[in-house]
**Student:** 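Right, I'll just put the structure down here and ask away after.
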Amino acid sequence: MKTFIVPAIILICFGISSSAQEVRNEVTVQGSGFFQKQTTSGGITNEPTNSGGVMAGYRFNLKNWLAVEGDYDYFRNHESFLSNNGTSFTPLNVHAATGTASVKLPSFKMPAVKIVSPFVLAGGGAMFFVPRGGSVSNEQTRGAFVYGGGIDVPMAKHIALRAQYRGFVYKTPDFEMASLKVDKYTHSAVPSAGLVFTF
């Protein structure tokens, strides 16, 4: 029995040390912007305000070049709906839960920084529009397609700076009200920057 235990312990220790050297997990916290496109259809114009927000995410590296990521975003903004019948003004909390696949591109060096690691991403998720008052009380969920890319710049052994851009494509919220129904897809630009912690 001892002849099997010693080699097994050695193999386990070797496996732990090799996995510790390989970065598989990343956690990110970022500040972000939420820039929505104005959308018009059928005599109704959706005119949202731009705002800031926060984003938190977890990325698991499947391979050196491929990862999967789950992100949560939170924004506060206002949606105005303009029509011949008047203007509807709605303050909102916007939550987004998304999952993406990320492909890491070859790293390169730049002046003033050691190395830059670019990546591109694509995936989908859901956006939750929650009114904070105003003329609308119904919450609404919209499916979203997400695409984008960014760069990681190492700052320390397990810390990097991440700057990225994501685009969200989704149907304009109407809160199930005919007077607000634009019935058209819109786009939001979501640039962000923050820290990444690897382990």
Side-chain angles (χ1 to χ4, degrees), residues 26-42 44-59 67-83 87-103 118-153 160-177 179-197:
E26 302 176 16
V27 174
T28 183
V29 178
Q30 302 179 44
S32 57
F34 189 50
F35 303 98
Q36 294 179 269
K37 180 182 175 184
Q38 178 179 298
T39 310
T40 300
S41 180
I44 302 172
T45 297
N46 171 243
E47 195 173 81
T49 59
N50 300 323
S51 65
V54 293
M55 172 244 193
Y58 169 75
R59 178 183 288 181
V68 290
E69 182 170 339
D71 296 314
Y72 166 76
D73 290 89
Y74 171 73
F75 311 99
R76 286 171 69 96
N77 79 321
H78 298 81
E79 303 264 348
S80 295
F81 294 87
L82 315 174
S83 69
T87 300
S88 175
F89 179 78
T90 305
L92 293 174
N93 290 325
V94 182
H95 307 266
T98 57
T100 57
S102 179
V103 176
F119 60 88
V120 294
L121 59 87
M127 299 182 72
F128 307 91
F129 298 89
V130 183
R132 302 194 314 269
S135 58
V136 176
S137 59
N138 298 330
E139 299 180 10
Q140 190 164 49
T141 302
R142 292 296 202 196
F145 168 70
V146 183
Y147 70 95
I151 58 169
D152 288 341
V153 180
L161 175 65
R162 175 169 295 166
Q164 67 179 17
Y165 168 87
R166 288 171 300 150
F168 288 28
V169 179
Y170 54 95
K171 203 164 191 181
T172 304
D174 57 25
F175 307 98
E176 300 178 5
M177 297 175 65
S179 60
L180 308 181
K181 194 173 183 65
V182 177
D183 199 23
K184 197 172 182 181
Y185 281 86
T186 189
H187 178 274
S188 289
V190 186
S192 61
L195 296 176
V196 180
F197 303 93

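Because the structure is a prediction, the values reported are computed rather than measured. Any value given below was found using the heavy atoms of this structure, including those in side chains, with hydrogens, waters and symmetry copies removed.
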**Student:** Quick one: pull up OG1 in Thr100 and CZ in Phe145 and give me the separation to the nearest 0.5 Å.
**Tutor:**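 Reported value, rounded in 0.5 Å steps: 10.5 Å.
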**Student:** Any chance you could measure Asp73, atom CG, to Ser32, atom OG, to the nearest 0.5 Å?
**Tutor:** 5.5 Å
**Student:** Of all heavy-atom pairs between Pro131 and Val136, which one has the smallest distance, and what is that distance?
**Tutor:**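 For Pro131 and Val136, the tightest heavy-atom pair comes out as CB-O, 3.4 Å.
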**Student:** Rounded to the nearest 0.5 Å, how far apart are OH of Tyr58 and CD of Glu26?
**Tutor:** 9.0 Å
**Student:** After noting the C-alpha distance and the side-chain angles of Arg59 and Asp71, does the key distance pass the salt bridge (Lys or Arg N to Asp or Glu O under 4.0 Å) rule?
**Tutor:** CA-CA 9 Å; Arg59 178 183 288 181; Asp71 296 314; over 6 Å; no
**Student:** Using the ring-ring contact (aromatic ring centres under 6.0 Å, His included) criterion, which residues pair with Phe89? Sequence neighbours excluded.
**Tutor:**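 Phe89 satisfies ring-ring contact (aromatic ring centres under 6.0 Å, His included) with His78 once adjacent residues are dropped.
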**Student:** Between Ala96 and Phe168, which heavy-atom pair has the shortest distance, and what is it?
**Tutor:**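 Between these two residues, the closest heavy atoms are CB-CE2, 3.8 Å.
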**Student:** I'd like to know if the side chain of Ser188 reaches the main chain of Phe34, judged simply by a donor and an acceptor atom lying under 3.5 Å from each other, with no hydrogens or angles considered.
**Tutor:**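 No; zero donor-acceptor contacts below 3.5 Å.
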**Student:** Looking at every non-hydrogen atom in both residues, tell me the closest pair between Asn50 and Phe35 and how far apart they are.
**Tutor:** OD1-CA, 3.3 Å
**Student:** Ignoring hydrogens and angles, tell me if any N or O in the side chain of Thr186 forms a donor-acceptor pair with the backbone of Lys37 under 3.5 Å.
**Tutor:**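 It does hold such a pair.
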**Student:** Enumerate the residue pairs fulfilling salt bridge (charged side-chain N to carboxylate O under 4.0 Å, His left out) with a member in residues 135-148, sequence neighbours excluded, ordered by first and then second residue.
**Tutor:**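 Salt bridge (charged side-chain N to carboxylate O under 4.0 Å, His left out) check on residues 135-148 returns Arg142-Asp174.
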**Student:** Kindly indicate whether the side chain of Val190, heavy atoms from C-beta on, has any atom under 4.5 Å from the side chain of Phe75.
**Tutor:** yes
**Student:** Would you find a donor on one side and an acceptor on the other, under 3.5 Å apart, between the side chain of Arg132 and the backbone of Leu92?
**Tutor:** yes
**Student:** Tell me if a side-chain donor or acceptor on Asn46 pairs with a main-chain N or O of Thr39 at a distance below 3.5 Å.
**Tutor:** no
**Student:** Give, for atom CD of Gln164 and atom CD1 of Ile151, the distance between the pair rounded to the nearest 0.5 Å.
**Tutor:** 10.5 Å
**Student:** If every non-hydrogen atom of Lys181 is compared with every non-hydrogen atom of Ile44, which pair is closest and at what distance?
**Tutor:**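 That closest heavy-atom pairing would be O-CD1, 3.6 Å.
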**Student:** My understanding is that only residues two or more places apart in sequence, or in another chain, count here; which of them pass ring-ring contact (aromatic ring centres under 6.0 Å, His included) with Phe119?
**Tutor:**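 Residues passing ring-ring contact (aromatic ring centres under 6.0 Å, His included) with Phe119: none at all.
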**Student:** Is there a donor-acceptor pair closer than 3.5 Å between any side-chain N or O of Ser192 and the backbone N or O of Gly31?
**Tutor:**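 Such a contact is absent between Ser192 side chain and Gly31 backbone.
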**Student:** Leu161 and Gly194: which non-hydrogen atoms are nearest, and at how many Å?
**Tutor:**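 Closest heavy-atom pair between Leu161 and Gly194: CD1-O, 3.2 Å.
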**Student:** Rounded to the nearest 0.5 Å, how far does CD of Gln38 lie from OG1 of Thr40?
**Tutor:**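 Reported value, rounded in 0.5 Å steps: 5.0 Å.
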**Student:** Can you measure from OG1 (Thr90) to CZ (Phe129) and round to the nearest 0.5 angstrom?
**Tutor:**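 So the gap between those two atoms works out to 12.0 Å.
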**Student:** Give a yes or no on whether Tyr185 atom OH has more than 12 heavy-atom contacts from other residues, nucleotides or ligands under 6.0 Å away.
**Tutor:**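 Open: at most 12 neighbouring heavy atoms sit under 6.0 Å from OH of Tyr185.
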**Student:** Take Asn138 and Gln140, measure what side chain to side chain contact (heavy atoms under 4.5 Å, CB included) needs, and give me the verdict at the end.
**Tutor:** CA-CA 6 Å; Asn138 298 330; Gln140 190 164 49; over 6 Å; no
**Student:** Do the side chain of Thr172 and the main chain of Lys184 share a donor and acceptor less than 3.5 angstrom apart?
**Tutor:**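 Yes: the side chain of Thr172 pairs with the backbone of Lys184.
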**Student:** Is any side-chain heavy atom of Thr98 closer than 4.5 Å to one of Arg166?
**Tutor:**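 SC-SC contact between Arg166 and Thr98 confirmed.
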**Student:** Test Lys171 against Asp183 for side chain to side chain contact (heavy atoms under 4.5 Å, CB included), laying out the working first.
**Tutor:** CA-CA 7 Å; Lys171 203 164 191 181; Asp183 199 23; 2.9 Å; yes
**Student:** Check the orientation of Tyr165 and His187. Use parallel for under 30°, tilted for 30 to 60°, and perpendicular for over 60°.
**Tutor:**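 The rings of Tyr165 and His187 lie parallel, inter-plane angle below 30°.
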